[in-house]
> 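One structure is given below, represented as structure tokens, and several questions about it will come after.
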Amino acid sequence: MNNIDELLDITPSFSMNNSYLEQLSYESSPEHVLEFNRNPVIRSFVDIIERSKSSQLYTVKLHMDVSLITKENHTAFTLSLVYSAFVIVDCEPYDEVYVYNTLHLSVPQLLLDSIRAIVWQVSSVSGYPTMLKDDTFDEPLPENETFEEESPTAEDET
């Protein structure tokens with residue numbers, strides 16, 4: 001290996017630090033419902049906050065709503081939560097596709113196990129045990145597109 005560039009070739013990486021439950025809301029039906037004919041209805045989206053371009057620190061917030069609908073079209077329960085993590089994405093030179101895929105696909109997939117445990121625990125205590133299946137978050141950044149994240153305002157940073 002005579003080429004110094006080969007020795008310095010660094011593969012992109014990321015580290016996820018301090019993941020935590022930021023918000024949780026749960027509502028359950030007062031009536032006891034025994035039969036369900038549907039899988040849970042799940043709505044989710046990912047919110048990315050870029051903290052600093054120089055340090056490549058991001059906050060990833062995964063918002064998820066889970067509802068269980070009965071055979072009679074009643075809502076047995078609705079659970080809403082926000083699960084967040086601080087993420088450092090290390091890639092030199094800056095690779096926009098890698099950063100996008102990391103923040104929108106890889107990190108939410110890693111957060112899903114913690115969310116799955118919360119949904120199971122909360123829904124089981126109320127009598128409606130619900131296990132979430134794997135979610136793939138498989139929408140990579142389309143070619144020739146860019147993503148721009150808005151920097152947080154001073155009041156957003158704590």
Side-chain angles (χ1 to χ4, degrees), residues 1-28 38-68 77-126 128-158:
M1 284 190 187
N2 293 338
N3 190 349
I4 191 74
D5 291 335
E6 289 178 14
L7 293 173
L8 296 177
D9 187 46
I10 300 172
T11 57
S13 65
F14 73 95
S15 61
M16 187 171 69
N17 302 309
N18 299 334
S19 63
Y20 58 95
L21 178 63
E22 188 172 321
Q23 183 179 353
L24 175 67
S25 169
Y26 182 80
E27 294 179 24
S28 179
R38 299 184 189 148
N39 289 328
V41 177
I42 302 169
R43 292 180 310 276
S44 64
F45 70 93
V46 179
D47 186 21
I48 311 294
I49 300 171
E50 185 175 2
R51 292 292 179 190
S52 169
K53 289 187 183 254
S54 61
S55 68
Q56 300 170 338
L57 175 64
Y58 301 87
T59 301
V60 176
K61 295 183 178 195
L62 178 55
H63 300 254
M64 186 168 283
D65 295 327
V66 180
S67 297
L68 187 61
F77 75 82
T78 300
L79 184 144
S80 298
L81 61 84
V82 178
Y83 207 87
S84 300
F86 295 112
V87 179
I88 297 173
V89 181
D90 184 21
C91 61
E92 285 294 329
Y94 183 79
D95 181 353
E96 189 165 353
V97 172
Y98 177 79
V99 172
Y100 179 92
N101 290 339
T102 298
L103 298 176
H104 288 86
L105 307 176
S106 300
V107 172
Q109 189 66 42
L110 290 172
L111 295 177
L112 190 60
D113 283 340
S114 298
I115 292 172
R116 184 182 292 124
I118 291 168
V119 170
W120 174 259
Q121 185 174 9
V122 171
S123 63
S124 293
V125 168
S126 65
Y128 306 113
T130 301
M131 177 59 78
L132 299 182
K133 62 180 183 173
D134 286 336
D135 197 350
T136 56
F137 301 100
D138 55 358
E139 298 178 12
L141 182 65
E143 288 187 34
N144 301 324
E145 286 195 24
T146 61
F147 83 100
E148 294 292 326
E149 300 295 342
E150 292 183 15
S151 297
T153 62
E155 60 193 34
D156 290 340
E157 293 185 20
T158 57

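Hydrogens, waters and symmetry mates are skipped; everything else that's a heavy atom, side chains included, is used.
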> Yes or no on side chain to side chain contact (heavy atoms under 4.5 Å, CB included) for Asp95 and Val99, after CA distance, side-chain angles and deciding distance?
CA-CA 6 Å; Asp95 181 353; Val99 172; 5.7 Å; no
> Kindly assign one of parallel, tilted or perpendicular to the pair Phe45 and His63, based on the angle between their ring planes and the thresholds 30° and 60°.
parallel
> Quick one, Val46 and Val60 - any side-chain contact, counting heavy atoms below 4.5 Å?
yes
> Can you see which heavy atom on Gln56 is nearest to which on Asp90, and at what distance?
OE1-CA, 3.5 Å
> Could I get the full list of side chain to side chain donor-acceptor pair (under 3.5 Å) partners for Ser124, not counting sequence neighbours?
none
> Distance from Tyr100 atom OH to Ser106 atom OG, nearest 0.5 Å?
12.0 Å
> Determine, step by step, whether Leu79 and Leu24 satisfy the side chain to side chain contact (heavy atoms under 4.5 Å, CB included) criterion, reporting the C-alpha distance in whole Å, the side-chain angles of both residues, the deciding distance to 0.1 Å, and the verdict.
CA-CA 7 Å; Leu79 184 144; Leu24 175 67; 4.0 Å; yes
> List in chain and number order the residues that pass side chain to side chain donor-acceptor pair (under 3.5 Å) with Thr59, two or more places apart in sequence or in another chain; answer none if no residue qualifies.
Arg51
> Return the set of residues passing side-chain contact (heavy atoms from CB on, under 4.5 Å) with Ser114 (not counting sequence neighbours), or none when no residue passes.
Tyr83
> Looking at every heavy atom in both Val89 and Phe14, which two are closest together, and how far apart are they?
CA-CB, 4.1 Å
> Identify the heavy atoms of Leu21 and Val82 that sit nearest to each other, and give their distance.
CD1-O, 3.7 Å
> I need the Leu112 CG to Ser44 OG distance, nearest 0.5 Å.
8.5 Å
> Taking ring pair (Phe, Tyr, Trp, His ring centres under 6.0 Å) as the test, write out the residues that go with Phe77, two or more places apart.
Tyr26
> Does anything in residues 100-111 pair up under salt bridge (charged side-chain N to carboxylate O under 4.0 Å, His left out), and if so which pairs, sequence neighbours excluded?
none
> Report yes or no: does Ser123 contribute a side-chain atom to a donor-acceptor pair with the main-chain N or O of Thr130 at less than 3.5 Å?
yes
> For Val125, which residues count as a side-chain contact (heavy atoms from CB on, under 4.5 Å) partner, sequence neighbours excluded?
none
> Are any of the side-chain heavy atoms of Asp113 and Leu111 separated by less than 4.5 Å?
no
> Check the pair Met64 / Arg43 against side chain to side chain contact (heavy atoms under 4.5 Å, CB included), numbers first and verdict last.
CA-CA 6 Å; Met64 186 168 283; Arg43 292 180 310 276; over 6 Å; no
> Could you list the residues that satisfy side chain to side chain donor-acceptor pair (under 3.5 Å) with Glu22, not counting sequence neighbours?
Lys61, Ser84
> Is there side-chain contact between Leu103 and Val87, with at least one heavy-atom pair below 4.5 Å?
yes
> What pairs with Thr102 under side chain to side chain donor-acceptor pair (under 3.5 Å), at least two apart in sequence or on another chain?
none
> Does any non-hydrogen side-chain atom of Gln23 lie less than 4.5 Å from one of Leu81?
no
> Apply side-chain contact (heavy atoms from CB on, under 4.5 Å) to Asn17 and list each qualifying residue two or more places apart in sequence or on a separate chain.
Ser15, Ile88
> In Å, rounded to the nearest 0.5 Å, how long is the span from CG of Leu110 to CD1 of Ile115?
11.0 Å
> Which distance, rounded to the nearest 0.5 Å, do you find between the CZ of Phe86 and the CD1 of Ile49?
9.0 Å
> Taking side-chain contact (heavy atoms from CB on, under 4.5 Å) as the definition, give me every residue that meets it alongside Ser25, ordered by chain and number, with sequence neighbours left out.
Ser80
